[in-house]
Amino acid sequence: MARRGGAGGRGSLPTKDCAVCGRTITWRKKWERDWDQVRCCSDACRRRARSSAGRGVDAALDEATVRLLEARPASSSICPSEAARAAATELGMEGEGWRELMEPARAAARRLVATGEAEITQGGRVVDPSTARGPIRVRRAR
């Protein structure tokens, strides 16, 4: 039977944010010796971190998200699709190419949450970016 909560549960384990997507990484026994060097939550994030194209797209999405948030009143929010469309235009992607930037746009929002610059909401309530499923909105941190 799995343990839930309590003194020995997952709640007491150290965590950190993935450097690429912003999801929460929870300590594992196999990382005991090199926990300080763990930066990515998955092999896909590790590959993306090594890819120069991935870094360029991530930077464009981060900048587009911040720029869109700054252009709006402090009480309003944006959809990650707006950032994906803006970044796709900057990167010269045509037509529906912005759709492939949707998950990277959500990752950009999670990175902004990790730095304390933004919050992710669903239904007007702030949610944990690592566990949010479905449509999200991004707003400046309050």
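Across every non-hydrogen atom of Ala87 and Ala64, the tightest pair is N-CB, 4.2 Å. Contact detail for Thr121 and Gly124: the closest heavy-atom pair is CB-C, 4.3 Å.
Under the 4.5 Å side-chain criterion, counting only non-hydrogen atoms from C-beta, Val20 is not in contact with Arg39. Pro129 is not listed as a side-chain neighbour of Arg23, based on a closest heavy-atom distance of 4.5 Å or more. The side-chain heavy atoms of Thr89 and Trp98, taken from C-beta on, include no pair separated by under 4.5 Å. You'll find the side chain of Trp31 stays beyond 4.5 Å of the side chain of Thr26, heavy atoms only. No side-chain heavy atom of Ile25 sits less than 4.5 Å from a side-chain heavy atom of Thr15.
When the side chains of ILVMFWY residues are joined at heavy-atom separations under 4.5 Å, either directly or via intervening members, Leu68 and Val138 end up in a single hydrophobic cluster. Residues Val38 and Leu13 share a hydrophobic cluster, clusters being chains of Ile/Leu/Val/Met/Phe/Trp/Tyr side chains in contact below 4.5 Å.
Evaluation of the side-chain contact (heavy atoms from CB on, under 4.5 Å) rule for Ala44 yields Ser42, Arg47 as partners, not counting sequence neighbours. Under the side chain to side chain donor-acceptor pair (under 3.5 Å) criterion, Thr24 pairs with Ser130, not counting sequence neighbours. Scanning for side-chain contact (heavy atoms from CB on, under 4.5 Å) contacts around Pro135 gives an empty result, with sequence neighbours left out. Shown here are the side chain to side chain donor-acceptor pair (under 3.5 Å) partners of Arg137, two or more places apart in sequence or in another chain: Ser77. For the side-chain contact (heavy atoms from CB on, under 4.5 Å) test, residues two or more places apart in sequence or in another chain that qualify with Ala107 are Cys21, Arg110, Arg111.
Interatomic distance, CD of Glu103 versus CG of Leu61, reported as 11.0 Å (0.5 Å rounding). Separating the CD atom in Gln122 from the CD1 atom in Ile120 is a distance of 8.5 Å, to the nearest 0.5 Å. Rounding to the nearest 0.5 angstrom, the gap separating the OG atom in Ser81 from the CE atom in Met102 is 5.0 Å. Taken to the nearest 0.5 Å, the CD1 atom of Ile78 stands 10.5 Å off from the CZ atom of Arg140.
Residues in residues 116-135 take part in these salt bridge (Lys or Arg N to Asp or Glu O under 4.0 Å) pairs, two or more places apart or across chains: Glu119-Arg139. Residues in residues 25-36 take part in these salt bridge (Lys or Arg N to Asp or Glu O under 4.0 Å) pairs, two or more places apart or across chains: Lys29-Glu32. Residue pairs meeting the salt bridge (Lys or Arg N to Asp or Glu O under 4.0 Å) criterion with at least one member in residues 75-97, sequence neighbours excluded: Arg67-Glu90, Arg72-Glu82, Glu96-Arg99.
Within the cation-pi definition used here (under 6.0 Å to the ring centroid, within 45° of the axis), Lys16 does not qualify as a partner of Trp27.
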